[in-house]
Amino acid sequence: MKRFVIAGTNSGVGKTTLTIGLMAALQKKGLRVQGFKCGPDYIDPSFHKAVTGRPSRNIDSFMFEADVVRDIVRRATQDSDVGIIEGVMGFYDGKDPLSNVGSTADIAVITETPVVLVVNCGAMARSAAAIVKGFQLLSGKPNIVAVIANQVGSASHFNIVKTAIEAECDVPVIGYLKKNSELHMPSRHLGLIPALERGEMQGYFDDLAALVTDTIDIDALLALTEAPELTVPTSIFDEKKAACCTIAVAHDAAFNFYYEENIELLQANGANIAYFSPLANEEVPAEADGLYIGGGFPEEFANILATTTQAKESIRSFIAADKPVFAECGGFMYLTEAIETLDGARFDMVGAIPGVTKMQGKRVALGYREIFGKKDNFLLDEGMLAKGHEFHYSTYEQGPEQFAYDTKSRFKAKGEGYMQGNIVAGYTHFHFASNPEVAARFVRACVKGE
């Protein structure tokens with residue numbers, strides 16, 4: 001099995017640009033490529049999927065146990081030729097500064113995956129060897145098998161850093177990327193996701209593939225990145241229960257962030273999945289026993305969502321029928337009374353949750369969350385713990401304080417979201433693999449409501 005980790009020496013070396021370039025180049029060689037992303041980010045995986053045509057998987061050693069990480073990689077690569085794991089931040093950067101938990105390095109060790117270290121070599125020569133040596137010595141566990149020099153000024157500059165690194169670090173330097181502003185990653189927020197879904201970036205991917213093939217030895221990369229097949233004692237996905245309910249899942253350009261494993265765990269517990277598009281004014285499917293509205297960018301489509309009267313009325317009717325509803329981030333925003341954009345415009349939403357969400361000019365929250373359940377929460381009861389991620393640019397101007405759960409970041413704990421009757425909603429994105437009982441409880445709540 002060919003599998004490798006693309007790891008940066010810092011967060012600004014263009015790992016995503018390089019990753020999708022390598023994916024596109026390997027696709028052109030006729031190989032089936034499976035993408036992974038270290039950490040909870042959902043935008044980079046959307047690029048992976050656009051290039052490979054396969055859902056990319058988030059893997060994270062803070063959110064799940066090591067065996068779950070291995071299981072996700074094992075399952076996703078069973079029918080692929082090469083797996084590419086894109087790192088997060090710098091190679092050793094994770095949940096805190098005193099351990100590797102949540103870092104790319106930790107994922108590389110857990111999955112026994114060779115590492116290709118991407119080094120920002122701008123304005124340096126022999127010093128590049130010192131950087132690589134430091135990454136080799138900080139921990140002896142990761143298997144760094146190759147280096148790619150990034151941000152070099154010319155081929156001669158590359159030869160200088162290559163000579164220094166190979167002499168001092170005993171690791172091959174298999175290629176480089178020059179400084180090239182024309183191929184920088186476009187803004188990865190908001191309207192770009194629909195462009196990805198429409199295939200409008202294929203030309204950009206082709207250019208990246210050509211660039212990567214021209215200056216990186218792809219054959220050497222493949223020769224250096226043989227990885228062992230992974231095994232796990234048990235799998236949280238493999239024990240399939242008989243179909244017992246249907247969960248409607250909102251999915252379109254406004255609501256498109258779902259961890260793949262969340263859907264698969266619902267299915268493993270007996271749920272049929274019925275997709276529908278609120279943005280297209282589609283009603284909740286008539287056969288639905290539960291409703292799941294994930295994250296996305298409803299603010300970008302607020303003017304359209306405000307006019308989708310059939311979709312909104314069907315959701316209100318669904319809630320009135322006392323069936324379970326779970327909404328995350330963008331879905332949470334959609335269930336409030338209105339979204340107010342930066343220019344002060346107000347767009348009416350479903351109105352099932354009192355209060356409005358207001359867009360802000362800067363990011364409001366970003367980071368891991370431990371999620372602690374509350375009494376009568378059908379998804380996460382009192383005493384239960386799940387893990388997830390929070391990332392948004394809006395604030396919730398709430399009505400009555402009826403938090404759905406408590407969350408804890410590295411810096412503080414707080415009540416979060418909204419819970420009333422059959423509604424559980426909030427900004428935090430749950431990863432069901434952090435506690436598979438969450439998916440099981442969701443399904444049981446749907447069956448109970450039949």
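Positions are given from 1 along the sequence. None of these values were measured; they are calculated from a predicted model.
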Worked verdict on Thr407 versus Tyr427 for side-chain hydrogen bond (donor to acceptor under 3.5 Å, both in side chains): CA-CA 10 Å; Thr407 61; Tyr427 275 119; over 6 Å; no
Can you tell me which residue among Tyr405, Phe430, Phe332 is in a ring-ring contact (aromatic ring centres under 6.0 Å, His included) with Phe326?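 Of the listed residues Tyr405, Phe430, Phe332, the ring-ring contact (aromatic ring centres under 6.0 Å, His included) partner of Phe326 is Phe430.
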Counting only heavy atoms from other residues, nucleotides and ligands, does the tally under 6.0 Å from NZ of Lys95 exceed 12?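 Buried by this count: over 12 neighbours within 6.0 Å.
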Give a yes or no on this: more than 12 heavy atoms of other residues, nucleotides or ligands lie within 6.0 Å of atom CG of Asp238.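 It does: Asp238 CG has more than 12 such atoms within range.
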Grab the two heavy atoms, one from [X] and one from [Y], that are nearest each other, plus how far apart they are.
| X | Y | result |
| --- | --- | --- |
| Ser80 | Gln34 | OG-CB, 3.8 Å |
| Cys244 | Asn269 | SG-O, 3.9 Å |
| Lys323 | Ala288 | NZ-O, 3.2 Å |
| Thr104 | Gly87 | OG1-CA, 3.2 Å |
| Val88 | Cys38 | CB-O, 3.4 Å |
| Val171 | Ala146 | CG2-N, 3.5 Å |

Tell me whether [X] contacts the main-chain N or O of [Y] through its side chain, where contact means a donor paired with an acceptor under 3.5 Å.
| X | Y | answer |
| --- | --- | --- |
| Ser103 | Asp93 | no |
| Asn281 | Ala311 | yes |
| Glu282 | Ser277 | yes |
| Asp206 | Ala209 | no |
| Ser314 | Val284 | yes |
| Glu260 | Pro55 | no |
| Ser46 | Ile43 | yes |
| Lys179 | Gly153 | no |
| Lys240 | Gly270 | no |

With side chains defined as the heavy atoms from C-beta onward, is the minimum distance between [X] and [Y] less than 4.5 Å?
| X | Y | result |
| --- | --- | --- |
| Glu112 | Leu230 | yes |
| Ile371 | Lys408 | no |
| Val116 | Leu22 | no |
| Ile247 | Cys446 | yes |
| Asn272 | Cys245 | no |
| Pro285 | Thr246 | no |
| Cys329 | Phe391 | no |
| Leu222 | Leu26 | yes |

Cation-aromatic face contact Lys387/Phe62, 6.0 Å, 45 degrees: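 Here Lys387 passes the 6.0 Å and 45° test against Phe62.
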Does [X] come within less than 4.0 Å of [Y], counting only side-chain N to carboxylate O?
| X | Y | answer |
| --- | --- | --- |
| Glu86 | Lys15 | no |
| Lys29 | Asp219 | yes |
| Arg3 | Glu226 | no |

So how far is it from [X] [atom1] to [Y] [atom2], rounded to the nearest 0.5 Å?
| X | Y | atom1 | atom2 | answer |
| --- | --- | --- | --- | --- |
| Arg57 | Thr77 | CZ | OG1 | 10.5 Å |
| Glu65 | Ile110 | CD | CD1 | 9.5 Å |
| Phe276 | Ile315 | CZ | CD1 | 5.0 Å |
| Thr17 | Ile6 | OG1 | CD1 | 12.0 Å |
| Leu18 | Ile216 | CG | CD1 | 5.0 Å |
| Arg54 | Arg32 | CZ | CZ | 7.5 Å |

Using the side-chain hydrogen bond (donor to acceptor under 3.5 Å, both in side chains) rule, take Thr341 and Glu299 through it: C-alpha gap first, then chi angles, then the decisive distance, then the call. CA-CA 7 Å; Thr341 54; Glu299 67 273 19; over 6 Å; no
Can you confirm if the aromatic rings of [Y] and [X] lie within a centre distance of less than 6.0 Å?
| X | Y | value |
| --- | --- | --- |
| Phe297 | Phe255 | no |
| Phe442 | Phe378 | yes |
| Tyr292 | Tyr258 | yes |

Please report the C-alpha distance between Val119 and Ile148 in whole Å, then the side-chain angles of each, then the deciding distance to 0.1 Å, and finally whether the side-chain contact (heavy atoms from CB on, under 4.5 Å) criterion is met. CA-CA 6 Å; Val119 183; Ile148 293 175; over 6 Å; no
Please determine whether side-chain contact (heavy atoms from CB on, under 4.5 Å) holds for the pair Leu117 and Thr9, giving the CA-CA distance in whole Å, both sets of side-chain angles, and the decisive distance to 0.1 Å. CA-CA 7 Å; Leu117 191 64; Thr9 53; 4.0 Å; yes
Evaluate the criterion salt bridge (charged side-chain N to carboxylate O under 4.0 Å, His left out) for residue pair Glu168 and Arg126; output intermediate values, then yes/no. CA-CA 9 Å; Glu168 298 293 341; Arg126 181 171 165 79; 3.1 Å; yes
Verdict with reasoning, Asn143 to Val115, per side-chain contact (heavy atoms from CB on, under 4.5 Å): CA-CA 6 Å; Asn143 180 22; Val115 176; 5.6 Å; no
So, using ring-ring contact (aromatic ring centres under 6.0 Å, His included) as the criterion, who are the partners of His389 when residues are at least two apart?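 Residues passing ring-ring contact (aromatic ring centres under 6.0 Å, His included) with His389: none at all.
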Taking ring-ring contact (aromatic ring centres under 6.0 Å, His included) as the test, write out the residues that go with Phe64, two or more places apart.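 His431.
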Please say which of Asn58, Thr111, Ile59 ends up in a side chain to side chain contact (heavy atoms under 4.5 Å, CB included) with Ile72.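 Among the candidates, only Ile59 passes.
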Would you say Tyr368 and Asp60 are linked by a side-chain donor-acceptor pair, where the criterion is simply a distance under 3.5 Å?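 Judged by distance alone, the side chains do pair up.
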After noting the C-alpha distance and the side-chain angles of Arg444 and Glu437, does the key distance pass the salt bridge (charged side-chain N to carboxylate O under 4.0 Å, His left out) rule? CA-CA 10 Å; Arg444 288 199 298 269; Glu437 182 62 16; 2.4 Å; yes
Kindly determine whether Tyr259 and Phe432 satisfy ring-ring contact (aromatic ring centres under 6.0 Å, His included), including the steps that lead there. CA-CA 8 Å; Tyr259 292 121; Phe432 293 173; 9.0 Å; no
Given side-chain contact (heavy atoms from CB on, under 4.5 Å), test Leu305 with Tyr334 step by step and report yes or no. CA-CA 8 Å; Leu305 290 171; Tyr334 182 51; 4.0 Å; yes
